[in-house]
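Here is the naming used below: chain letters follow the sequence lines, and residue numbers restart at 1 for every chain.
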Protein chains: 2
Amino acid sequence: MAERVTIGDLAQRLGLSKASVSYALNGRPGVSAQTRARVLALARELQWYPSSSARVLSGARTGVVGLVLSRDPELLGTEPYYMLVLSGIESALIDADYGLLLRMVGSEPGRDLAVYERWAGEGRVDGVMLFDQRRDDPRIPLVRHLGLPAVLNGAAEPGSALRAVVPDEHGDANQVVEHLAGLGHRRVAYLSGPSGLLHEERRDLLVRAAAARTGMVVETVEGDYTMGTAERLVTERLRRGPGPTAWVASNDVMALGAVRAAVREGVDVPGRVSVVSWDDSLLCEIGAPPVTALDRHPRDFGRRCAQALLAEIAGDPGDDAVPPPSVLRVRASTGPARP
Amino acid sequence: MAERVTIGDLAQRLGLSKASVSYALNGRPGVSAQTRARVLALARELQWYPSSSARVLSGARTGVVGLVLSRDPELLGTEPYYMLVLSGIESALIDADYGLLLRMVGSEPGRDLAVYERWAGEGRVDGVMLFDQRRDDPRIPLVRHLGLPAVLNGAAEPGSALRAVVPDEHGDANQVVEHLAGLGHRRVAYLSGPSGLLHEERRDLLVRAAAARTGMVVETVEGDYTMGTAERLVTERLRRGPGPTAWVASNDVMALGAVRAAVREGVDVPGRVSVVSWDDSLLCEIGAPPVTALDRHPRDFGRRCAQALLAEIAGDPGDDAVPPPSVLRVRASTGPARP
DNA sequence: CTGAAAGCGCTTACAG
DNA sequence: CTGAAAGCGCTTACAG
């Protein structure tokens with residue numbers, strides 16, 4: 001068991017005051033270059049590390065940001081999206097020498113609020129990233145009240161006054177709709193995630209707006225991001241016929257569910273029904289048929305979220321960040337609408 | 001910006017000493033039931049939270065455990081395994097009111113060591129979970145030297161003296177081999193992950209031992225857990241023929257790569273070649289054909305790892321944990337060996 | 001049952 | 001350029 005080496009130990013060994021050692025270690029004026037070198041050498045030799053709690057207690061930042069994921073853990077395991085976002089976040093944090101405190105609380109709404117409150121109260125994090133924004137999201141007033149720096153992913157509701165990383169959902173919807181319109185589709189179904197999520201409402205709206213411009217009719221079916229539910233819903237809709245000739249699913253897992261439903265019902269993809277996923281992933285690549293999908297660059301998105309939060313923490317002014325345009329990866333699941 | 005409420009504020013408002021307030025808050029003897037109630041009520045009213053840095057500085061635990069993931073981020077995004085393990089870890093930590101500090105460092109060996117050193121030196125975590133054990137793993141002497149509580153996932157090397165969560169790899173290998181033997185396969189290829197990983201070496205050995213008992217011949221091909229490499233290696237081997245009639249891939253992504261290689265080469269699965277994955281996931285379910293896979297209960301495994309670490313931190317004696325037996329999910333990718 | 005005091009390991013004005 | 005001292009918010013013997 002290694003005994004902790006403290007600044008006091010260094011001071012004693014070198015015959016200096018703790019203050020001088022502290023100044024030397026932190027690169028502040030007040031010590032000669034020579035003294036500084038001696039201090040740094042000994043610190044290195046004894047493998048001294050500053051106690052983070054002592055530092056934080058005297059006013060320093062924690063060097064940690066928090067992320068609460070409020071989705072069903074089972075879902076988090078199946079959707080590659082979040083792991084990619086996480087790795088993007090990490091890549092930015094590593095550069096800034098920051099750590100990530102991660103919490104998964106399940107999908108019951110409100111369970112996350114207590115976590116932010118505690119993190120702020122206990123002084124555990126310098127800021128948080130807010131994912132999966134909801135209508136009238138209670139986290140927005142909460143972090144404001146707590147004085148906790150935060151970044152929203154996705155456009156902020158008017159008046160939220162939080163920094164945000166805003167994907168070009170308008171462009172995303174246009175790409176998807178134009179691809180389908182170009183193939184002659186006139187009736188499309190949007191298989192959404194849970195309706196409380198703001199980005200779902202926006203996507204639905206934007207798909208409808210883009211569709212309206214091309215004279216396309218849209219119906220929305222509310223899913224829950226799981227394959228099972230998607231499969232059931234799409235099956236029901238197919239049986240009810242006459243249905244849309246194309247399905248746009250809000251994530252990759254549901255897109256696969258849609259394909260599966262069609263295949264089971266003997267409906268050829270893309271012969272009679274086309275399927276597009278709003279998220280790209282390995283799942284889409286290996287699907288049978290492989291699924292046309294929107295690559296929204298999740299790693300890059302995560303990276304920008306973290307960078308925006310770090311800027312916020314540092315007090316840097318800055319506009320909302322805008323990730324690079326998504327790319328539609330056209331695969332075999334989309335084809336001409338049946339005449 | 002909420003000003004921090006301290007124990008001193010509570011004491012002042014109540015006309016008590018800070019000590020009494022502290023005793024009351026921590027449920028220690030030394031205060032009357034009535035005083036305690038008054039303190040707790042005010043603390044709640046003012047939304048007081050203990051400063052974690054102050055607590056840690058006076059000797060308390062951090063309430064945080066660390067996990068360093070040393071795989072390529074791209075890979076972490078495609079393999080569902082780690083997210084499931086993560087969610088299992090979280091489920092145990094939530095019960096114990098612990099947080100998880102997560103770090104992804106990429107796959108260059110040794111980059112993780114500096115992280116453990118810093119975490120220990122800075123006093124950021126109470127312990128760490130060590131994944132992906134390697135031969136002569138330098139982390140084992142390191143955490144020992146640092147006095148950092150740790151838990152290994154996977155059987156410990158002799159002499160490591162660390163608590164471990166030990167999956168029944170012997171049983172796993174038997175299940176896979178027996179399934180294939182039962183289908184009449186006599187020549188099998190094991191598509192492994194990188195050879196430095198201890199569990200890969202063990203799997204290879206155990207597959208060979210199990211195979212030997214049934215008179216089966218095994219050849220090993222070293223992959224890197226990615227689909228691209230797996231596809232290339234399997235393609236090469238298929239072209240070289242005459243090859244094994246069954247492939248066992250060490251993860252789901254490589255299994256999918258093997259299937260894809262076979263399909264592209266016009267080799268029917270499972271007509272001419274069977275494929276088994278050592279990990280189950282949605283990828284295996286939706287493969288074409290769906291892939292027979294070993295469900296090793298990753299969430300449960302993660303949960304047990306975290307529980308073992310918490311026990312270690314608490315100083316509870318305890319044996320190595322053993323997860324429940326894996327279940328082989330037989331799907332369409334395995335069939336009788338071609339006569 | 002309660003209070004005054006020291007200590008955890010840092011940082012930071014303030015004197016010299 | 002250097003040192004003695006106070007302070008961050010807790011906990012914990014030690015007196016009363």
Side-chain angles (χ1 to χ4, degrees), chain A residues 1-40 42-43 46-64 118-124 126 147, chain B residues 1-40 42-43 46-64 118-124 126 147:
Chain A
M1 182 71 172
E3 276 309 305
R4 167 169 282 292
V5 177
T6 74
I7 219 176
D9 298 332
L10 301 180
Q12 200 180 352
R13 291 249 216 164
L14 293 165
L16 294 170
S17 71
K18 292 194 299 178
S20 299
V21 172
S22 175
Y23 290 142
L25 257 9
N26 292 302
R28 313 192 126 238
V31 280
S32 66
Q34 201 198 349
T35 305
R36 187 183 308 280
R38 286 176 58 219
V39 172
L40 291 177
L42 186 64
L46 298 185
Q47 304 199 55
W48 172 86
Y49 285 92
S51 151
S52 82
S53 47
R55 272 210 166 145
V56 171
L57 193 55
S58 48
R61 295 191 181 122
T62 62
V64 173
R118 277 193 57 179
W119 280 353
E122 298 181 351
R124 287 198 179 268
D126 295 335
Chain B
M1 182 69 171
E3 276 307 306
R4 167 170 282 292
V5 177
T6 72
I7 219 176
D9 299 331
L10 300 180
Q12 200 179 351
R13 289 249 214 162
L14 293 165
L16 294 170
S17 71
K18 292 195 298 178
S20 298
V21 172
S22 174
Y23 290 143
L25 256 9
N26 292 300
R28 314 192 127 237
V31 280
S32 65
Q34 201 198 351
T35 307
R36 187 183 309 279
R38 285 176 59 217
V39 171
L40 292 176
L42 186 64
L46 299 185
Q47 304 199 54
W48 172 86
Y49 284 91
S51 151
S52 82
S53 47
R55 274 211 164 144
V56 171
L57 193 55
S58 47
R61 295 191 179 123
T62 63
V64 173
R118 277 194 56 180
W119 281 354
E122 297 182 351
R124 287 196 179 269
D126 295 334

Let's see if you can work this out: which of C/dG9, D/dC14, D/dC10 has an atom nearest to the side-chain heavy atoms of B/Y23?
D/dC14
Which nucleotide, in any strand shown, forms a Watson-Crick or G-U wobble pair with D/dA13, with both distances under 3.5 Å?
none
Contact class for A/S32 vs. all strands (heavy atom < 4.0 Å): base, sugar-phosphate, or nothing?
sugar-phosphate
Partner nucleotide, any strand, of D/dA4 [Watson-Crick/G-U, under 3.5 Å]:
none
Nearest to the side chain of A/I7, which nucleotide is it out of D/dG9, C/dT2, C/dC10?
C/dC10
Closest approach to the side chain of B/K18, judged atom by atom: which nucleotide of C/dG9, D/dC10, C/dT2 is it?
D/dC10
Contact summary for A/G123 and A/T62, nearest pair of heavy atoms
O-CG2, 3.3 Å
Classify A/S53 by what it touches in the nucleic acid, base, sugar-phosphate, or nothing, heavy-atom distance under 4.0 Å.
nothing
Looking only at C/dT11, D/dT12, D/dC10, the nucleotide nearest the B/R4 side chain is D/dC10
On DNA chain C, does the nearest nucleotide to B/T35 precede the nearest nucleotide to B/L57 from the 5' side, or the other way round? Give the residue.
B/T35
Minimum-distance nucleotide to B/R28 side chain [options: D/dG9, D/dT12, D/dG3]:
D/dT12
Measure from OH on B/Y49 to P on D/dC10 and round the result to the nearest Å.
13 Å
A/S51 side chain near C/dC8 phosphate (N/O to OP1/OP2, under 4.0 Å):
no
Whole angstroms only, please: what is the CZ-P distance between A/R38 and D/dC1?
15 Å
N or O in side chain of B/S22 less than 4.0 angstrom from D/dT11 OP1/OP2
yes
Calculate the interatomic distance between B/R36 atom CZ and C/dC1 atom P; express it in whole Å.
9 Å
How close do A/R28 and A/R36 get, heavy atom to heavy atom, and via which atoms?
O-NH2, 2.9 Å
Would you say D/dT2 has OP1 or OP2 under 4.0 Å from some side-chain N or O of A/S17?
no
B/L16 vs B/T35 side-chain heavy atoms within contact, under 4.5 Å
yes
Heavy-atom closest pair (A/R4 atom, A/D9 atom, distance to 0.1 Å) is O-OD2, 3.7 Å
Check whether any side-chain nitrogen or oxygen of A/T6 sits under 4.0 Å from OP1 or OP2 of C/dC8, and answer yes or no.
no
Distance (rounded to the nearest 0.5 Å) between B/L40 CG and B/W48 CH2:
9.5 Å
Quick one: is D/dG9 close enough that its OP1 or OP2 comes under 4.0 Å of any side-chain N or O from B/R55?
no
Protein-nucleotide distance (A/L14, atom CG; D/dT2, atom C1'), rounded to Å:
14 Å
Protein-nucleotide distance (A/L25, atom CG; C/dG9, atom C1'), rounded to Å
12 Å
